[in-house]
Each structure stands twice: as C-alpha cells, then as structure tokens.
Protein chains: 2
Amino acid sequence: MEEIDRRIVTLLARDGRMSFTDLARETGLSVSAVHQRVRRLEKRGVVRGYAAIIDHEAVGLPLTAFVSIKPIDPAAPDDAPERLAHLTAIEACHSVAGDESYILKVRVASPTALEDLLQQIRASANVSTRTTVVLSTPYEHRALEPYAEPEVRQDGIA
Amino acid sequence: MEEIDRRIVTLLARDGRMSFTDLARETGLSVSAVHQRVRRLEKRGVVRGYAAIIDHEAVGLPLTAFVSIKPIDPAAPDDAPERLAHLTAIEACHSVAGDESYILKVRVASPTALEDLLQQIRASANVSTRTTVVLSTPYEHRALEPYAEPEVRQDGIA
DNA sequence: AGGCGGTGCTGAATGGAATTCGGTCGTTTC
DNA sequence: GAAACGACCGAATTCCATTCAGCACCGCCT
C-alpha cells in the first residue's frame with residue numbers, strides 16, 4: 001500500500017469522524033481525491049468500518065475479562081466461534097497457539113454476570129474455561145503508529 | 001443512563017459515522033435533540049472517540065499476539081504501562097488478576113518484529129514475558145449488544 | 001510517433017448534513 | 001405560583017459529502 005493511503009488509514013484510525021476536508025488538508029490532496037481513496041480503502045476492506053469508542057463502565061459493563069477455552073473433547077469438530085457467536089458479551093474471539101485453543105474477551109456487568117456467562121460458554125461450546133479478570137486498563141484501542149515503511153536495507157545500519 | 005442514550009451509544013458503537021439525521025430517525029427524536037445528547041455523551045466521556053476499524057493484515061501488521069508480563073523485581077514500583085507506552089506496537093495494556101501483572105495486545109509485521117518487540121518490552125519494563133500468538137481472529141470489535149436494561153424483577157420469570 | 005485505455009487528480013456544482021439559535025413545554029424548587 | 005432548569009422542536013446558516021466533467025500522466029500497442 002502506498003504512502004498516502006497509509007497516512008489516510010492512520011488518520012482515520014485515530015479519528016474515525018475526520019472530515020474529508022481535513023483529510024485533504026492533512027494529505028495535501030483535493031477533497032475529491034481523498035474521497036476516492038477512502039472509498040477504495042473501504043471497498044478493499046482495508047477500512048472495515050467505523051465505531052464509537054465507548055466507556056464500558058459508563059454503560060454498565062464495568063467488568064472485563066479474558067477467557068481462555070479448551071475443548072473437553074479434543075476429537076470433536078472445532079466450531080467454538082460459531083457456537084459462541086450468540087453471546088453478545090463476547091467482544092472478541094481469537095484462535096491462539098498454545099495450550100488453549102481460543103481466547104475470548106468479554107464484558108459483563110458484574111461477577112455474577114461473569115459466572116453466568118462462563119456457564120453459557122462451557123455449555124455452548126463444550127469447553128473448559130480459564131478466566132483472567134481485568135483489574136484496570138491503562139490503555140486500549142491505541143491507533144496504529146503514524147506510518148513507517150519497513151525500509152528494506154542491505155546493510156545492518158538502522 | 002437512560003434508554004435513549006443507551007440506544008444512541010449502541011448505534012454509534014455499531015456505526016461510528018452514522019449521521020445525526022439517521023440517529024434521529026432511529027430514536028424518534030429531532031436532529032437537534034440527538035445532537036445535543038451525543039455532544040453530552042462525548043463530554044461526559046461515555047463516548048470517548050471514534051475510530052476506523054482497520055484490517056491489520058492489509059496495513060502490514062499481520063501478526064497479533066498477547067504478551068503477559070511479570071515484574072522481575074516484585075519490590076520495584078510498578079509503572080510498566082508508562083514504561084511501555086512508547087512502544088506503538090502495543091495496542092492495549094490491561095492490568096490483570098492472576099499470576100502475571102499485565103496483558104498486552106500487540107500487532108507486529110513479522111515473527112522477527114515480535115522478537116524485537118519482546119526484547120524491548122523486557123528491557124523497558126524489567127519484566128519477564130509470556131507470549132501467546134494469535135493464529136486467526138474469528139471476530140473482534142463486536143459492538144455492545146442492542147441495549148438491554150437489567151430489569152429488576154422480584155419474581156423468577158424471565 | 002501516434003493513438004488508446006486506464007488511473008488519479010482537480011475544481012465546480014448540488015444536495016444533504018452539522019451546528020446554532022430562539023422559542024416552547026413540563027418539572028422541580030423555593 | 002413563579003422562577004429556574006432541562007429537554008425538546010423547527011428553522012436558518014454554514015459546512016461537508018458526493019458527483020461529475022475535464023485534464024494530465026503513464027504504459028502499451030501498433
């Protein structure tokens with residue numbers, strides 16, 4: 001991907017509502033050129049969408065946790081993501097290397113709600129769970145860095 | 001927080017660029033009333049900001065990992081988040097309960113870049129690391145559920 | 001060399017949205 | 001019961017998104 005597109009992506013990652021006018025100013029292009037590029041980035045799937053960043057405490061979901069899951073029957077087909085998709089408390093599902101097969105990130109209202117959720121997870125996907133409760137979140141959703149091309153180098157000088 | 005605000009937050013979490021006109025239609029309020037509420041939600045910090053959701057593969061950061069860190073010297077002051085903040089590959093930092101003290105979510109370009117990053121993390125925060133590599137991500141950034149007030153009930157009927 | 005198609009840009013036009021403002025209504029408070 | 005407050009609406013204005021026609025550049029083919 002090219003320099004200007006990278007810059008646009010970085011800017012939008014930082015502020016998803018930035019206007020095309022501002023993007024044009026930042027990139028030195030005309031408004032319509034930027035518009036064209038953003039549309040293309042969206043169509044290509046580089047920009048997947050836009051979201052408001054919410055304070056989960058403020059909306060009644062103050063408890064965040066990571067739940068690692070492991071199938072109880074290793075021979076069974078592994079369709080945990082689909083089996084768990086209906087649980088809206090699950091914000092993300094990552095397949096991972098290591099002892100466990102998936103790591104889920106969940107948001108719930110209370111310890112009781114977490115307990116309920118864990119039961120639902122175990123029942124829905126036939127897995128055992130290991131839960132790591134988040135105590136606080138110093139930062140999250142940090143946008144990708146300003147833009148830095150890897151710079152192919154033959155010598156070892158940085 | 002109130003019903004309509006909750007609904008607005010949900011809608012914006014799902015589509016951060018939704019127009020006030022559409023929000024007004026969805027909530028049954030006038031455009032200016034919605035505008036007023038959104039501004040207030042932003043000011044209160046319920047809506048912290050807006051971000052484009054980026055395909056990290058497409059921008060050259062195809063490798064995601066969770067890095068759990070543990071201080072080497074448990075007596076030293078715990079300022080790992082600040083010590084690590086300059087590493088832009090770190091997307092999130094959560095303080096967690098359990099054996100380790102923080103879980104970091106990182107995005108890098110390659111296994112080599114991950115190796116470099118881990119060294120920098122260890123050196124910057126004087127910690128040991130345990131890394132879980134993400135193989136794939138069935139879903140991520142799922143917006144919070146449509147809105148459901150806990151509904152205090154005396155009877156046991158759901 | 002000349003012509004062709006594709007790509008990416010610009011600037012102008014228009015339609016729609018964001019933002020502001022004045023005014024109304026209902027509720028709370030003294 | 002009147003003032004103060006909070007939330008709403010509708011209209012006016014400004015700004016932005018989106019589209020379009022036209023231009024420049026490049027690679028390619030003949």
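Order of the sequence lines fixes the chain letters, A, B, ..., with proteins taken first and strands second; residue numbering starts at 1 for each chain.
In this entry the distance linking CD of A:E3 with P of C:dC9 reads 13 Å, nearest Å. Taking atom CZ of residue A:R17 and atom P of nucleotide C:dA17, one finds them 13 Å apart after rounding to whole Å. Between A:Y50 atom OH and D:dA17 atom C1' there is a gap of 12 Å when expressed in whole angstrom units. If you measure from atom CZ of A:R25 to atom P of D:dA17, you get 11 Å, rounded to the nearest angstrom. Atoms CZ (B:F20) and P (C:dT20) sit 10 Å apart, rounded to a whole Å. For A:D22 and D:dC16, the CG to C1' distance is 10 Å, given to the nearest whole Å.
Figure legend: A:R17 and B:F20 shown as a cation-pi pair, the cationic atom lying under 6.0 angstrom from the six-membered ring centre and within 45 degrees of its axis.
A distance of 4.5 Å separates OG of A:S95 from CG of B:L135, quoted to the nearest 0.5 Å.
Within residues 26-40 of chain A, the residues that have a heavy atom under 4.0 Å from DNA chain D are, in order of number, A:V31, A:S32, A:H35, A:R39.
The aromatic rings of A:H141 and B:H141 are tilted relative to each other, their planes meeting at an angle between 30° and 60°.
Across all their heavy atoms, A:A51 and B:A13 have their closest contact at CB-O, 3.4 Å.
Checking side-chain atoms of B:T132 against main-chain N and O of A:V96 turns up no donor-acceptor pair under 3.5 Å.
With no hydrogens or angles considered, a side-chain donor-acceptor pair links A:R122 and A:T129 at under 3.5 Å.
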